[in-house]
Colleague: 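Here you go, one structure.
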Protein chains: 2
Amino acid sequence: MAITIYDVAREANVSMATVSRVVNGNQNVKPATRKKVLDCIERLGYRPNAVARGLASKKTTTIGVIVPDISKSFYSELSRGIADVATMYEYNMILSNSDESTDREVELIEDHLGKQVDGLIFMSDSISDEVRAGMSTANVPIVLAGTLDVEKQLATVNIDYEEAAYVAVNKLIRNGHTKIVFVSGPFTRDINRISKKVGYMRALQDADIPVDEQFVIEMEDTYDGAYEGWKQIRELQGQPTAIIAGSDAIAVGLLNGIRDGGLSVPEDYELICFEHSILARVVRPQLTSIVVPLYDLGAVSMRLLTKLMNGEEVEEQQVILPFRLEERKSMK
Amino acid sequence: MAITIYDVAREANVSMATVSRVVNGNQNVKPATRKKVLDCIERLGYRPNAVARGLASKKTTTIGVIVPDISKSFYSELSRGIADVATMYEYNMILSNSDESTDREVELIEDHLGKQVDGLIFMSDSISDEVRAGMSTANVPIVLAGTLDVEKQLATVNIDYEEAAYVAVNKLIRNGHTKIVFVSGPFTRDINRISKKVGYMRALQDADIPVDEQFVIEMEDTYDGAYEGWKQIRELQGQPTAIIAGSDAIAVGLLNGIRDGGLSVPEDYELICFEHSILARVVRPQLTSIVVPLYDLGAVSMRLLTKLMNGEEVEEQQVILPFRLEERKSMK
DNA sequence: GTGAAAGCGCTAACAC
DNA sequence: GTGTTAGCGCTTTCAC
């Protein structure tokens, strides 16, 4: 049996209320008493039971984080940002993987709420109605990190992906390209379908370049998928000369496909992509990319969540972070 | 105020004990009663409070995971393995980053134990005395994942890194090399100092190749560190012709250093490394490597932890998983 | 400045 | 098969 607050109280000849005050830093304790209690705590090796505390106080100082797959660098970077801010505010984090399954997502939300998390950070490709319904039963705040809410009702933290795509495509256009292929991850991901693709099209339209639907190619967002997927681009009519890739995994897959096929970047194709993880830097040529501030996305999401949990007034629930363009060698 | 078991009991005209039985799948409930209770649960939107349950049952179905840095692929892969098995056994996981700081590690252990985790999985470069002391106060099982215990007292799951290094170096030797450089991550990491380095030396000794201490180079375990660190190797006396790298981040850093310096792999240097993450596959030439089964390391650690938590008899607390050698193009 | 006592929402005997 | 009741280890009034 572990040491309880009661054991400490008996040992120190005070009531458990006083021990509780000492443990919680309440000032209404005579210094001498405080010292006596602290000594007993030390001597007995008392460790407050956070579960009991959680039940009594209705706060667990724990937040939930639901992520598609923590082994993907996109989410592990983001999670690190969340974790650091969580630590700063003395929250622990329960982390779960959903694999993008709606059923699993709903289950996990229910599960985390049952564990009485004080708040929830959720990431996914898209918010299904079921998930939305699950969230609506929550009595704690929820923030979407790096995840769009098409209804714009939930708190979110993102960059302006549409603008980023616009900027990237525009850069290709200014380099003289008119035949620009957009290689996207799955359109089941809102960010791909709603933001990046739209930014791509808008950039073309603003430059009076006709949009060729076959130049929009959807594929799995993985290195291997893109390496294989390269064949689709090679066989495209219309001789494209530039590519914007939805992620650096895709970009690197294409790059290796291009080179293993005897062509080269940026001579035969100029290439620009999103993300700029380590992948974009280890390949030659290094990839010119839109840098998505993943860590910050996480950190700001958690910061927003703390405000919401504290009931603070938040002027804007839809936070947009800046992105930047990192120029390397995959464009001339 | 949330719906409690008591509300459901009143609504269904049964006692809270019966509701508890239904919720917990206890068979001693008449089907009709069960249905009635289930209906009320559904209707009221009752969600069991896991905190209250944890306090009453002294089990939280939550484990703690303490990791140096979740944003490093090594740990995020491993954590995914842990998470999947945890899900299988219906545990949640509280995940925290220690950044290898002993103080932080001790704090986190204390913190997790305070949250009443049912078990703990710990990862670090090395187990300090303070951490060992913190662990000794735990009344729940602890497993070290991908982390050595030099005292061999704690439960651990690893591969035989020494043997792996031996195999790798041996492969270089059989290709005719005698001047083999070992580029290691920090020797503050037990696995580097105690296992890999020893395997390297043993392979040389078994082949009657004299060990040249300057051929053992310690550097930061990062791409950028190794890219810079390449200079040290270039300036080495004795003309080494082969390199074994402690990780693929190091290997890729060296590879790019070598190539940006006008030399090439495997012509000027043959190269072999540990890990084989995506990095090893996107570079050209692809890297021949020892594959460390990170996911499995995590999964098996969690499986072991479940056994320990159940009080099951475990024949061997020091689990060794197999590794394999993946032959690609950085060796002839 | 300190103590007594009533919960927090559940589980787990034990009784019937 | 179901109900009663005593905790689990704290926080939090409310007295004193």
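Letters go in sequence order (proteins before strands), and every chain restarts at 1.
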Colleague: With a 4.0 Å limit, can you tell me whether T18(A) has a side-chain N or O closer than that to the phosphate oxygens OP1/OP2 of dG1(C)?
Modeller: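 T18(A) to dG1(C) OP1/OP2: no side-chain N or O under 4.0 Å.
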Colleague: Out of dT2(C), dG1(D), dC8(D), which has the shortest distance to the side chain of L55(B)?
Modeller: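 So the nucleotide nearest the side chain must be dC8(D).
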Colleague: Please identify each residue that fulfils side-chain contact (heavy atoms from CB on, under 4.5 Å) with V300(B), with sequence neighbours left out.
Modeller: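 If we apply the side-chain contact (heavy atoms from CB on, under 4.5 Å) test to V300(B), skipping adjacent residues, the hits are V157(B), V319(B), L321(B).
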Colleague: Just how far, in rounded Å, is P of dG3(C) from CG of N28(A)?
Modeller: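 Computing the N28(A):CG to dG3(C):P distance gives 13 Å.
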Colleague: Sequence neighbours excluded, which residues qualify as salt bridge (charged side-chain N to carboxylate O under 4.0 Å, His left out) partners of D7(B)?
Modeller: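 With neighbours one apart ignored, the set is R10(B).
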Colleague: Is K58(B) near enough to dG7(D) that one of its side-chain N or O atoms lies under 4.0 angstrom from OP1 or OP2?
Modeller: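 Checking dG7(D) against K58(B), no side-chain N or O comes under 4.0 Å of OP1 or OP2.
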Colleague: To the nearest 10 degrees, how far apart in direction are the end axes of the helix from dG1(C)-dC16(D) to dC16(C)-dG1(D), each fit to five base pairs?
Modeller: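 The helix from dG1(C)-dC16(D) to dC16(C)-dG1(D) shows an end-to-end axis angle of 30°.
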Colleague: Are E107(B) and R104(B) close enough for a salt bridge, meaning some N to O gap below 4.0 Å?
Modeller: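 Yes.
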Colleague: Can you tell me how far apart OG1 (T147(A)) and CD1 (I191(A)) are? Round to the nearest 0.5 Å.
Modeller: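 Output value for this atom pair is 6.0 Å.
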Colleague: Can you tell me which residue pairs pass the salt bridge (charged side-chain N to carboxylate O under 4.0 Å, His left out) test with a partner in residues 122-146 of chain A, sequence neighbours excluded?
Modeller: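 Matches after skipping sequence neighbours: D125(A)-R189(A), R132(A)-D149(A).
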Colleague: My understanding is that only residues two or more places apart in sequence, or in another chain, count here; which of them pass side-chain hydrogen bond (donor to acceptor under 3.5 Å, both in side chains) with K72(A)?
Modeller: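 side-chain hydrogen bond (donor to acceptor under 3.5 Å, both in side chains) list for K72(A), sorted by chain: empty.
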Colleague: Considering every strand and a 4.0 Å limit on heavy-atom distances, what is the contact class for V51(A): base, sugar-phosphate, or nothing?
Modeller: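 Result for V51(A) = nothing.
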Colleague: May I have the distance from R10(A) (atom CZ) to dG3(C) (atom P), rounded to whole angstrom?
Modeller: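 Distance, rounded to whole Å: 14 Å.
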Colleague: May I have the distance from N13(A) (atom CG) to dG3(C) (atom C1'), rounded to whole angstrom?
Modeller: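 That distance rounds to 13 Å.
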Colleague: Mind checking what makes side-chain contact (heavy atoms from CB on, under 4.5 Å) contact with V23(B), not counting sequence neighbours?
Modeller: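 Result, side-chain contact (heavy atoms from CB on, under 4.5 Å) vs V23(B): V19(B), I41(B), Y46(B), P48(B), R53(B).
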Colleague: Expressed as a whole number of angstroms, how long is the span from Q116(A):CD to dC8(C):C1'?
Modeller: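 Answer to the nearest Å: 11 Å.
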Colleague: R34(B): which residues meet the salt bridge (charged side-chain N to carboxylate O under 4.0 Å, His left out) condition with it, sequence neighbours left out?
Modeller: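 Salt bridge (charged side-chain N to carboxylate O under 4.0 Å, His left out) check on R34(B) returns nothing, list empty.
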Colleague: For Q318(B), give me all partners under side-chain contact (heavy atoms from CB on, under 4.5 Å), at least two apart in sequence or on another chain.
Modeller: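 Expected list: K152(B), T156(B), E316(B).
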Colleague: Does S15(A) have a side-chain nitrogen or oxygen under 4.0 Å from the phosphate oxygens OP1 or OP2 of dT2(C)?
Modeller: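 Answer no for this pair, as no side-chain N or O of S15(A) is under 4.0 Å from OP1 or OP2.
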Colleague: Can you name the atoms? Protein N/O to nucleotides 10-12 of chain D N/O, anything below 3.5 Å, with the distance.
Modeller:
| residue | atom | partner | partner atom | Å |
| --- | --- | --- | --- | --- |
| dC10(D) | OP1 | Y46(A) | OH | 2.9 |
| dC10(D) | OP1 | N49(A) | N | 3.3 |
| dC10(D) | OP2 | I5(A) | N | 2.8 |
| dC10(D) | O5' | Y46(A) | OH | 3.2 |
| dT11(D) | OP1 | N24(A) | OD1 | 3.3 |
| dT11(D) | OP1 | N24(A) | ND2 | 3.0 |
| dT11(D) | OP1 | R53(A) | NE | 2.9 |
| dT11(D) | OP2 | S20(A) | OG | 2.5 |
| dT11(D) | OP2 | N24(A) | ND2 | 3.4 |

